[in-house]
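To find a chain, count down the sequence lines: A is the first, B the second, and so on, and within it residues start at 1.
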Number of protein chains: 2
Amino acid sequence: MELAEAKLKFIEAWGKLGSEWGINRTMAQVHALLLVSPEALTTEEVMAELSISRGNANMTLRDLIDWGLVEKQHKTGERKEYFYAEKDTWIIARRVAEERKKRELDPVIKILGQLTEVKGDKKDPAFKAFHSSVTDISRLANNVNKTLDTMLKAEENWFFGSIFKIFK
Amino acid sequence: MELAEAKLKFIEAWGKLGSEWGINRTMAQVHALLLVSPEALTTEEVMAELSISRGNANMTLRDLIDWGLVEKQHKTGERKEYFYAEKDTWIIARRVAEERKKRELDPVIKILGQLTEVKGDKKDPAFKAFHSSVTDISRLANNVNKTLDTMLKAEENWFFGSIFKIFK
DNA sequence: ATAACCTTTCATTTATTTTTGAAAGTTTAA
DNA sequence: TTAAACTTTCAAAAATAAATGAAAGGTTAT
């Protein structure tokens, strides 16, 4: 397999994985393209490489910047904007975890906390089932949350290293 | 807040979280409904509670069974099928992790492994960027994979307990 | 055998998400 | 100020995903 083909395979696989996890396929593909590009690319280049429209490229790049995965660069003497992807995989993982925690996990943890407090007839099986399921899920969600907080602060080697040490 | 309202809130929140993570909203809602039901429910009851069609209810319940989150029950003397959700949150988390690992992570790890092997000109910046990004992502994916394997075998207390012990 | 009862399928319809591209907006240089 | 170069917006179109419901498929009891 040659580089050009391998690049396409990578972009395709990254896009597929993203879409399976609720991330816009194009956004994941643009990210993949930038990840394997040694140099920052222009909007035009992204449009051409992936055959997408200007509007789509612009919005997608902005989203990637919002996620903290891509940064704008300016070259002296040029007006065009260039886009460059963070290449450190562990930083990428942390940024994604951070963003999704904030957008999705935190809100649901808040709601679960409220639902945990709902009072009802302790003799009613419907209430008992509700209360115990919600309490259990709430506890698990909080554990996941704490683990993510740890991960956000940790170095990769420390994080996985320590996990593997215990569970070997 | 009373039970009926709380149940609706829970179903809504679970459905939203699911859809953000690439899981069909209705599937997550049916799961939520069954989770807070002390008794197994019939297709008719699921249809009525969530105002969904017979076909949708049937397919969604089948999917939940495929995921290992719901089981069919039969009551003696009755022909109707009843559906009951696994209530142990840790088992639920493990089943979801197991299923998604199998469906999504394993395939992508395989592709990354192949892309890692792609040969090219070591002087070419494009090749260097491709190779190092793919290698790094591949390594991270394999670490996540190993951690999931550990989780699949572990008890909840052991898993989180050990993580918190190190990172406290 | 057949009728009642229940489950499954799948061609259509409906809803949701994503993309397009032309127009509007902005910045820079002369 | 003007015009060229570049970026952003967003209403409309296209693509994708999900839901419907009537018909077909199975089972069981008589």
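- A salt bridge does not link A:K16 to A:E12: none of the charged nitrogens lies less than 4.0 Å from a carboxylate oxygen.
- The CZ atom of A:R54 sits 18 Å away from the P atom of D:dC10 (whole-angstrom rounding).
- Every pair passing ring-ring contact (aromatic ring centres under 6.0 Å, His included) that includes a residue from residues 87-122 of chain A is listed here, sequence neighbours excluded: A:W90-A:F159, A:W90-A:F160.
- B:M59 places its CE atom 11 Å from the C1' atom of C:dA11, with the value rounded to the nearest Å.
- Within residues 23-50 of chain B, no residue has any heavy atom under 4.0 Å from DNA chain C.
- OP1 or OP2 of C:dT8 has at least one side-chain nitrogen or oxygen of B:K72 nearer than 4.0 Å.
- Checked against side chain to side chain donor-acceptor pair (under 3.5 Å), A:Q73 has the following partners two or more places apart in sequence or in another chain: A:E71.
- A close approach under 4.0 Å does not occur between any side-chain nitrogen or oxygen of B:N58 and OP1 or OP2 of C:dT7.
- Residue order along DNA chain C, read from the 5' end via each residue's closest nucleotide, puts B:N56 first among A:A57 and B:N56.
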Show which side-chain atoms of residues 134-141 of chain B pair as donor or acceptor with protein atoms under 3.5 Å away, not counting sequence neighbours.
residue: B:T135; atom: OG1; partner: B:H131; partner atom: O; Å: 2.6
residue: B:D136; atom: OD1; partner: B:R139; partner atom: NH2; Å: 3.3

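- Under the rule for a side chain to side chain donor-acceptor pair (under 3.5 Å), B:D124 has no partner lying at least two apart in sequence or in another chain.
- Partners of B:K128 by salt bridge (charged side-chain N to carboxylate O under 4.0 Å, His left out), not counting sequence neighbours: none found.
- Between B:F83 atom CZ and C:dT8 atom C1' the separation is 11 Å, expressed in whole Å.
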Dump the pairs, protein N or O against N or O of nucleotides 24-27 of chain C, anything under 3.5 Å, distances to one decimal.
residue: C:dT27; atom: O2; partner: A:R79; partner atom: NH2; Å: 2.7

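- We find that CD1 of A:I52 is positioned 14 Å from P of D:dT7, with the value rounded to whole Å.
- Put simply, CD on B:E78 is 12 Å from P on D:dA29, counting in whole angstrom units.
- Distance, B:K80 NZ to D:dT28 P: 16 Å, rounded to whole Å.
- By the side chain to side chain donor-acceptor pair (under 3.5 Å) test, B:E39 is found to be paired with no residue, residues two or more places apart in sequence or in another chain being considered.
- Scanning for ring pair (Phe, Tyr, Trp, His ring centres under 6.0 Å) contacts around A:F83 gives an empty result, with sequence neighbours left out.
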